[in-house]
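Comments concern the structure below.
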Amino acid sequence: MNLFNFLRRGGSAPVARERLQILLAHERSARDEPDLLGIIREEILAVIAKHVNLDPDKVQVKLDRGNTFATLEVDIEVPNRFGAALAKTA
Amino acid sequence: MAKVLVVTSGKGGVGKTTSTAALGAALAQAGEKVVVVDFDVGLRNLDLVLGAERRVVFDLINVVQGVAKLSQALIRDKRLENLSLLPASQTRDKDALTNEGVGQVIAELREKFDWVICDSPAGIERGATLAMRFADAAVIVTNPEVSSVRDSDRIIGMLDSKTVRAENGERVDKHLLITRFDPARAARGEMLSIEDVLEILSTPLLGIIPESEEVLRASNVGSPVTLNNAASAPARAYIDAARRLRGESLAMNVPSDRKGLFDKLFGRRAA
């Protein structure tokens, strides 16, 4: 045991306490926030579903975080028929 | 009015099963009719801690699936006639447990007993959420150690959101039970103190169970610690906790087995 450890002996509980307080403050705030990506995904799905029968798993919403801005990527896979109908009106 | 109590923790190995057995026995010793229900499907152990492992015929899943009647699956304790056990299944089909099925069994148990104590598996998966689902009150078992405290915080969040009571806008009464506490180490600043844990988790304290050899000794012989050696420090702590569950208000202390000089010199192997 070196001198540093000797001096620190008996003092580890305050470290535990501080680490827990910081960690739990973070985890609690994350827990209370609504799942925004999930909500956006559900709402997009509802809009598309008004017009076409859609497999719920075919709507992907992804968030890429860059240095200056973030990109929200929405990937919707629609049946070919519906794609053709959309192409006509485009 | 029957009360459904879940004993939960998130983290494994902190003393849920030991506490379920000890609190169940202490309540039964006080004259309450108690059933302890093992929700750890695939890894049941409450039967072993209670010394009933060779008497298991039917289990919770059999009752949920209608293979056995509740009365056939319940095992009455040989020492305490007020205490019964509903064992978990040792086979691995935990998907056999549904919300509805478990809800029906709990409703039936409410008719027969004063206390229905659900021993939760570790983790936050299906078994743990089912064990807490129908609870009126919860005992959160926590060791004064960082990972246990963190997991308890998570479980407290789930009690406030994933239970029937929470969904109906009611509260589950939460009680913190600190186990494996070592007052000397806490006093030296080597272990989180009771005040630290209470401040971090802001949940009312039900009891403090001191670290003790008696707990292992009791589980070795298949007897709840409150029955095996009622005068021991952990047993006294559990008996006090059970009295608090019944609504008594008692001063909080940490019972100790501190030995005199004679015991220290000659009595170490006295038991």
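Treat the numbers as computed from the prediction; the structure is a model and nothing was measured. Letters go in sequence order (proteins before strands), and every chain restarts at 1.
By the neighbour-count criterion of 12 heavy atoms within 6.0 Å, atom CZ of B:Arg180 is sparsely surrounded, having that number or fewer from other residues, nucleotides or ligands. The number of heavy atoms from other shown groups lying within 6.0 Å of CG (A:Asn80) does not exceed 12.
In terms of non-hydrogen atom pairs under 4.5 Å with chain A, the most contact-rich of B:Met191, B:Arg185, B:Glu199 is B:Glu199.
Shortest non-hydrogen contact noted between A:Ala16 and B:Leu192 is CB-CD2, 3.9 Å. For the pair B:Ile200 and A:Arg17, the tightest heavy-atom approach, listed with the atom from each and the gap, is CD1-O, 4.2 Å. Across all their heavy atoms, A:Pro14 and B:Gly189 have their closest contact at CD-O, 3.9 Å.
Using a 4.5 Å cut-off on side-chain heavy atoms (C-beta onward), B:Arg154 and A:Glu27 make no contact.
Residues passing the side-chain contact (heavy atoms from CB on, under 4.5 Å) test with B:Asp153, sequence neighbours excluded: A:Leu24, A:Arg28, A:Arg31, B:Leu201. Partners of A:Glu73 by salt bridge (Lys or Arg N to Asp or Glu O under 4.0 Å), not counting sequence neighbours, listed by chain and number: A:Lys62.
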